[in-house]
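Scroll down for the structure; my scribbles are underneath it.
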There are 2 protein chains.
Amino acid sequence: MAHTQDPMEVLNRYLDEHGMKHTRQREIIVGEFLKSNKHLQIEELLNQVKKIEPSIGYVTVYRTLMLLKECGLAHQRHFGDGKSLFEKAGDHHDHMICIKCGSINEFEDDRIEKLQEQVAKRINFKIVSHRHEIYGCCSRCQNE
Amino acid sequence: MAHTQDPMEVLNRYLDEHGMKHTRQREIIVGEFLKSNKHLQIEELLNQVKKIEPSIGYVTVYRTLMLLKECGLAHQRHFGDGKSLFEKAGDHHDHMICIKCGSINEFEDDRIEKLQEQVAKRINFKIVSHRHEIYGCCSRCQNE
DNA sequence: CCTCCGCTGAAAACCACTTTCAAATGAGTT
DNA sequence: AACTCATTTGAAAGTGGTTTTCAGCGGAGG
Ligand SMILES: [Mn+2]
Ligand SMILES: [Mn+2]
Ligand SMILES: [Zn+2]
Ligand SMILES: [Zn+2]
């Protein structure tokens, strides 16, 4: 019954269904993106990718990330330091961001999620998505 | 024991303590801002203000909003539609934003706030601020 | 091979601020 | 009231992270 969940296959199916092409650039960019486990800036991913194929430009990385977002394989985050961060889609979670060092901790609390739904239902609001970000000082940064 | 909480007085004290001047522009802009109960874009507030004094420019409204933020009388919000929104500071609350009509509902749930603190404490994270935004479809927009 | 149409990279455009700068103006001091 | 001068103001220019444009490239079906 294996409905494949392999990201590469999801992407390839998306490309085929939309008359889009399989290119070397896309393969490299997506490969590097999926390999990483961080919240990546575009420039950061570009640097990774340039190690493999230096001719690849910023715009292609940008467009590929939009593509990954489009087919549900990536999330774009805006944590208020100007540049967006991209991360692999996966189980839902929210974020704690250290305002000193920029480190990011992920968290997930079912009780909060449920209460959220409760609050929405109270005014008959249909939730599509949410962002819950906690800003402050991480454990490490509290001891200078 | 009336420690004044009147916004105008807070502002005036701030101006005095920082060697800043009381100007007609600031009075008008702050007056209009405090009069409103919406989440305002800069341009929106500018339009209000221009009805009273057409010579006032975007930059002065912008700078006055920064000033209000600085002295704790305004909050700046970023709900992802590009432009920031400003609202009067008051009791803490979070937001539900309709992705169809843009309407904003405020909510406040102590249980969520407490759970948030619990989650932070678990990793010894010291909370400075947070944003909790729920995006979806408001009651009105669900019936087209 | 051919041909078509999507893809790519450099450069230009966009856009919401944010800063600069010369002239105007509060507000103390004569 | 006149003088002084640091703060303000508004127009214009600058910023920075995208986002779009466009001419040439290249994947892939025929
Ligand atoms: Mn994450
Ligand atoms: Mn609000
Ligand atoms: Zn930290
Ligand atoms: Zn709505």
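Throughout, a chain's letter reflects where its sequence line sits, starting with A, and its residues are numbered from 1.
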- Message: Taking 4.0 Å as the cut-off, does a side-chain nitrogen or oxygen of Arg24(B) come that near to OP1 or OP2 on dT25(C)?
- Response: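 No, Arg24(B) has no side-chain N/O under 4.0 Å of OP1/OP2 on dT25(C).
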- Which distance, rounded to the nearest 0.5 Å, do you find between the CZ of Phe86(B) and the OG1 of Thr64(B)?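 The OG1 atom of Thr64(B) is 10.5 Å from CZ of Phe86(B), to the nearest 0.5 Å.
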So which protein N/O to nucleotides 27-30 of chain C N/O distances come out below 3.5 Å?
{"from": "dA27(C)", "atom 1": "OP1", "to": "His22(B)", "atom 2": "N", "distance (Å)": "2.9"}

- Message: I'd like to know if the side chain of Gln142(A) and the backbone of Cys137(A) have a donor-acceptor N/O pair within less than 3.5 Å.
- Response: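 Yes; judged by distance alone, with no hydrogens or angles, the pair exists.
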- Task: Give a yes or no on whether the backbone of Ala74(B) and the side-chain of Lys69(B) come within a donor-acceptor separation of less than 3.5 Å.
- Result: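 Checking the backbone N and O of Ala74(B) against the side chain of Lys69(B), no donor-acceptor pair under 3.5 Å is found.
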- Query: Should His93(B) and Glu108(B) be marked as a side-chain hydrogen bond (donor to acceptor under 3.5 Å, both in side chains) after you check the CA-CA gap, both sets of side-chain angles, and the distance that decides it?
  - Reply: CA-CA 5 Å; His93(B) 59 261; Glu108(B) 153 73 345; over 6 Å; no
[X] [atom1] - [N] [atom2] separation (whole Å):
X: Leu67(A); N: dG6(C); atom1: CG; atom2: C1'; value: 13 Å
X: Glu53(B); N: dA24(C); atom1: CD; atom2: C1'; value: 14 Å
X: Tyr62(B); N: dT20(C); atom1: OH; atom2: C1'; value: 13 Å
X: Glu43(A); N: dG9(C); atom1: CD; atom2: P; value: 14 Å
X: Leu15(A); N: dC5(C); atom1: CG; atom2: P; value: 19 Å

- Item | chain A footprint on DNA chain D, 5' to 3' - any atom under 4.0 Å from a heavy atom |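 Counting from the 5' end, contacts occupy dG17(D) to dA28(D).
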- Query: Any chance the side chains of Asp94(A) and His132(B) put a donor and an acceptor closer than 3.5 Å?
  - Reply: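 No, no side-chain donor-acceptor contact under 3.5 Å.
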- Task: Using distance alone, with no hydrogens and no angle criterion, decide if Gln116(B) and Arg111(B) have a side-chain donor and acceptor under 3.5 Å apart.
- Result: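 No pair is found: no donor N or O on one side chain lies under 3.5 Å from an acceptor on the other.
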Taking N or O atoms only and anything under 3.5 Å, show me the protein contacts with nucleotides 10-16 of chain C, one pair per line.
none

- Of all residues at least two apart in sequence or in a different chain, which pass the salt bridge (Lys or Arg N to Asp or Glu O under 4.0 Å) check with Glu133(A)?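 With sequence neighbours excluded, Glu133(A) shows a salt bridge (Lys or Arg N to Asp or Glu O under 4.0 Å) to Arg131(A), Arg131(B), given in chain and number order.
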- Task: Go through the structure and list residues passing salt bridge (Lys or Arg N to Asp or Glu O under 4.0 Å) with Lys35(A), not counting sequence neighbours.
- Result: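 Testing Lys35(A) for salt bridge (Lys or Arg N to Asp or Glu O under 4.0 Å), a comparison that skips the adjacent residues, returns Glu32(A).
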- Task: Check side chain to side chain contact (heavy atoms under 4.5 Å, CB included) between Asn105(B) and all other residues, then give those that pass, not counting sequence neighbours.
- Result: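 Result, side chain to side chain contact (heavy atoms under 4.5 Å, CB included) vs Asn105(B): Ile123(A), Met96(B).
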- Determine, for Arg24(A) against Glu53(A), whether the closest basic-nitrogen to carboxylate-oxygen distance falls under 4.0 angstrom.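 Looking at Glu53(A) together with Arg24(A), the answer is yes, because their closest N to O distance falls below 4.0 Å.
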- Using the ring of each side chain (for Trp, its six-membered ring), is His39(B) parallel, tilted or perpendicular to Phe79(B), with breaks at 30° and 60°?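 Plane angle between 30° and 60°, so tilted.
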